[in-house]
Enquirer: 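Okay, here's the structure, questions in a sec.
Note that ligands are numbered from 1 as they come in the structure, with each ligand's atoms numbered from 1 the same way.
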Amino acid sequence: MKNRMNELVERLNRYAKEYYELDRPSISDAEYDQLYRELVALEEAQPDAVLPNSPTHRVGGKILSGFEKYQHEYPLFSLQDAFSREELESFDARVRKEFPQATYICELKIDGLSISLTYENGHLVVGATRGDGSVGENITENLKRVQGIPLTLTRPETITVRGECYMPRASFARVNQQRQEAGESEFANPRNAAAGTLRQLDTGVVASRGLATFLYQVASPTTTDSQSHVLQHLDDLGFVTNHEYHFAQSMDDVWNFIEKIAAMREELPYDIDGVVIKVNDLAMQEELGFTVKAPRWAVAYKFPAEEKQAEILSVDWTVGRTGVVTPTANLSPVQLAGTTVSRATLHNVDYIAEKDIRIGDTVIVYKAGDIIPAVLRVVQDKRTDQEVMEIPQFCPSCGSQLLHYEDEVALRCINPICSAQIMSRLEHFASRDAMNIAGLGTSIVEKLFTAGLVKDVADIYRLEEADLLTVEGFQKKSAEKLYQAIQTSKGNSAERLLFGLGIRHVGSKASKILLEKFSNLENLAQAEMDEIASIDGLGQVIAKSLTTFFSSAGAQQLLVELKEAEVNLAYLGQVAVEGTILSGKTVVLTGKLERLKRSDAKAKLESLGANVAGSVSKKTDIVVAGTDAGSKLTKAQELGIEIQDEAWLESL
Ligand code: AMP
Ligand code: ZN
C-alpha cells in the first residue's frame, strides 16, 4: 500500500507539473481525478503515512485567522529603475568601470508579488511575502496551495529562494468572470488579483484561483557561479523558472532583446512590466555590492505605460459636486493592461482644445498610474473629416450658462441649486471615506432626489422606512437596510461628517487634523481664520474656505438640523473611528463559537456597525466561521466571500 501511495504521489505531481507549468498534460482530467481519488482513499485509511509532498496538501479549505510577521533571514532588495536607453547606458558604464569584461543576463520582469521560500532538508517550511524587505508576512499555508511551488525538492537541500508569484492571464479572466457572475467587484488587473488572493484567509479560495510562480534567485549562500546557473539549479530542484531569458554582451544586445520582448508582450500568457538586466557572474555581483536599497549589479528597465488605439464614439459631460463639468469619452472597447476599457477621461475643456480631440478620432489611450484610463493624443494619420468638438454652453443637468474662468482649465456650472451638483454632493456625503452609508450610491440618490425626499444632507436623517418604501425599487428588506445604515452613520466621529460636507479644499486628512484640534464641529464653526490657518499642515486657503462656509446662513442652519437629528458632531478619536469599521457590512455567523456567546457576538458586531444576517448570499461581506461550520461556510467559499474566525471577532 505504501508503495502504491508513493507511486501515486510521484505520478500526480508529475502530471500536475505538466499541466500547470509546461502546459502539455499527458493524461486526461478524468484519469487524473481517478488517480487522485485513489490516493485520497489510501490516505484516509492510513493518515500516518500521508507523504509530505502529497498533492492532497494543496487543497482543502483551512481558515486562517491572520498572518504572522516574518523576519527574513536574508533581506529582499528592490531594483534600480531605468526608463530609457540612456539610463541603461549609464548603468552599463558604472558596471564596466569595475568590470570591463562583464556580461549580462536579461530576464522578464514578472508583474506579480515577490515571495521568499525556505526549505529545510528539501521540505517547504516557510513561504513569506516581501513586506518592507526585512520583515514580511508568513503566508506559508497559502503558498502551499499554489500549484507550481514544490512542497518537497528533488534533493534534500536547505535553501532560501526568491521569485515572483503572479496570476496568469487565463486565471485572471476566469476569476473575474466568476466574480462578475456572483455580482462581486472585479479585480482591476492580474497583479491586484494575485495580491488579493495571497492575503486570503481561506486557503481553499487560494487553491481555486490558479496562481503561478517563477523563481529567479537563491538567497542563502550558494556555490553556484553565475545567474544562469542559479536558474538551472532552481530548475533542477523542481521550481518553475522563466525560460525567456537572454545573454547579452553589450547594451546593443540588451536593447534588441527589450525591443523583441516589447513587441511580443501581448502574446505572453502573463503580465510583465519590464526587463531585469543582471550581471551574470556572481563573483562580480558580490564585488559590485549594494547601494542603500538596491544591488549595483542589476537594473530594471520598465516599459512605458501600455498604450492602445481606440475610436472616440461620443463624449459625455458630467457635472460634479463643485460644479466642474468633466468630459468622458466613450470608446470602441480595447484591452488595456489586463482590462477592457470603453471609457476614458478627457480631463477638461482646455485639454480637449490643446490636443485637438474630436469625436470620431482614433486616439491613443493609456492607463494613468496603471488604473484610470485616459486619452493621450490623437492619431493624426487617421483623422478624416471629423469636426472640432462642440463644447457645451449650458449645464447638461440644470441648463444654466456654463462659465470658463480664465485662470481655470475647467468648465463650471455655478448654479447653487443645480440638480446634478446636489446629487453628487449627497453621494459624496454618503461615500466610504465620508459618512460611509452603504447603499446610498448614485442611482438611489437620484431616486430619492427626484422623488423630492432628499434635497440636502439633513434630509437624509429625516427619512423614515415608510418614505423609502414609496420609492420605486425598494422592498421591505432593502428599505430596512438603508434605514439602518443611515442610523448607524449618526454615530460616526465628526471628521467624517466634516469631510462629507464637501467644503472646498477640505479633504479627509484636513478634516481629521481640524477635529483633533477643535474636538467638535461647533467649536470649529466658531473658529477664527487665523486660528485655523496657523495649524500645522493646513494654511490660508483651507482656513478661508472653512470660515466662508461656516459664516453662511445655510451652513449654520444645517448644523442645527444635524444636531436635532442627533448626528454626532464630536471627534471620537482613533478608537471610535475604528468603531465604525464594519458599518454598512453584512456579516453572517456560522458554526460553534468557543468563547463568545452567539448573542454576544451578534451584539458586538452590531455595535461596530455591522448588519448581522442569517443566511449567506451575494450581498454578504464577511462570514465568521466557528468550529463545525457547515453549508453556510461552503457557500461563502463558493462565492469567494471574506471568511474570518472567532479570534478575529475578539481582535475587533
Ligand atoms: P521594483 O518593485 O520596481 O523595485 O522591482 C523589483 C521587483 O521586481 C522585485 O521585488 C521582484 O519582485 C520583481 N521582479 C520580477 N521579475 C524579476 C526578475 N526576473 N528578477 C528580479 N526581480 C524581479
Ligand atoms: Zn447645473
Enquirer: Would you mind telling me which of L215, T118, V230, L237 makes a side chain to side chain contact (heavy atoms under 4.5 Å, CB included) with V161?
Expert: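 Exactly one option meets the side chain to side chain contact (heavy atoms under 4.5 Å, CB included) with V161, and it is L215.
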Enquirer: Below 4.0 angstrom from a heavy atom of K278, which ligand 1 atoms are there? Numbered from 1 as shown, please.
Expert: 18 (C), 20 (N), 21 (C)
Enquirer: Rounded to the nearest 10°, what angle sits at the Zn ion (ligand 2) between SG of C395 and SG of C398?
Expert: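 It rounds to 100°.
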Enquirer: Checking E561 side chain against V457 main chain: does a donor-acceptor pair fall under 3.5 Å?
Expert: no
Enquirer: Compute the minimum heavy-atom distance from D111 to ligand 1 and say whether it is under 4.0 Å.
Expert: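 D111: no contact with ligand 1 (<4.0 Å).
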Enquirer: For atom 9 (C) of ligand 1, find the nearest protein heavy atom and state the residue, atom name and distance (0.1 Å precision).
Expert: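 Here the closest protein heavy atom is Y216 OH, 4.1 Å.
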Enquirer: Pick one of side chain, backbone, both or neither for how L108 approaches ligand 1, counting any non-hydrogen atom pair under 4.0 Å.
Expert: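 Only the backbone of L108 comes within reach of ligand 1.
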Enquirer: Please find out if less than 6.0 Å separates the ring center of Y301 from that of W255.
Expert: yes
Enquirer: Please check if the distance between the ring centroids of H243 and Y245 is under 6.0 Å.
Expert: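 No, too far apart.
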Enquirer: If the contact criterion is a heavy-atom separation under 4.0 Å, does Q217 count as touching ligand 1?
Expert: no
Enquirer: N/O of I110 under 3.5 Å from N/O of ligand 1, yes or no?
Expert: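 Yes, I110 has an N/O under 3.5 Å of an N/O on ligand 1.
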Enquirer: I'd like to know whether the aromatic ring centres of Y104 and H246 sit less than 6.0 Å apart in this structure.
Expert: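 When the ring centroids of Y104 and H246 are compared, they turn out to be at least 6.0 Å apart.
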Enquirer: Salt bridge check: are R191 and D271 linked by an N-O gap of less than 4.0 Å?
Expert: no
Enquirer: Show me which atoms of ligand 1 lie under 4.0 Å from any heavy atom of K302.
Expert: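 Answer for ligand 1: 3 (O).
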Enquirer: Does any N or O atom in V276 lie less than 3.5 angstrom from one in ligand 1, N or O only?
Expert: no
Enquirer: Atom 2 (O) of ligand 1: which of R162, K109, E107, Q80 has the nearest heavy atom?
Expert: K109
Enquirer: Heavy-atom distances under 4.0 Å decide this one: backbone, side chain, both or neither, for E164 against ligand 1?
Expert: side chain
Enquirer: Pull out every atom of ligand 1 sitting under 4.0 Å from any heavy atom of R130, numbered as shown with elements.
Expert: 10 (O)
Enquirer: Verify whether the ring centers belonging to F77 and F290 lie closer than 6.0 Å.
Expert: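 Between F290 and F77, which both carry aromatic rings, the centre distance is below 6.0 Å.
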Enquirer: Hey, would you say the F214 and Y270 ring centroids sit under 6.0 Å apart?
Expert: yes
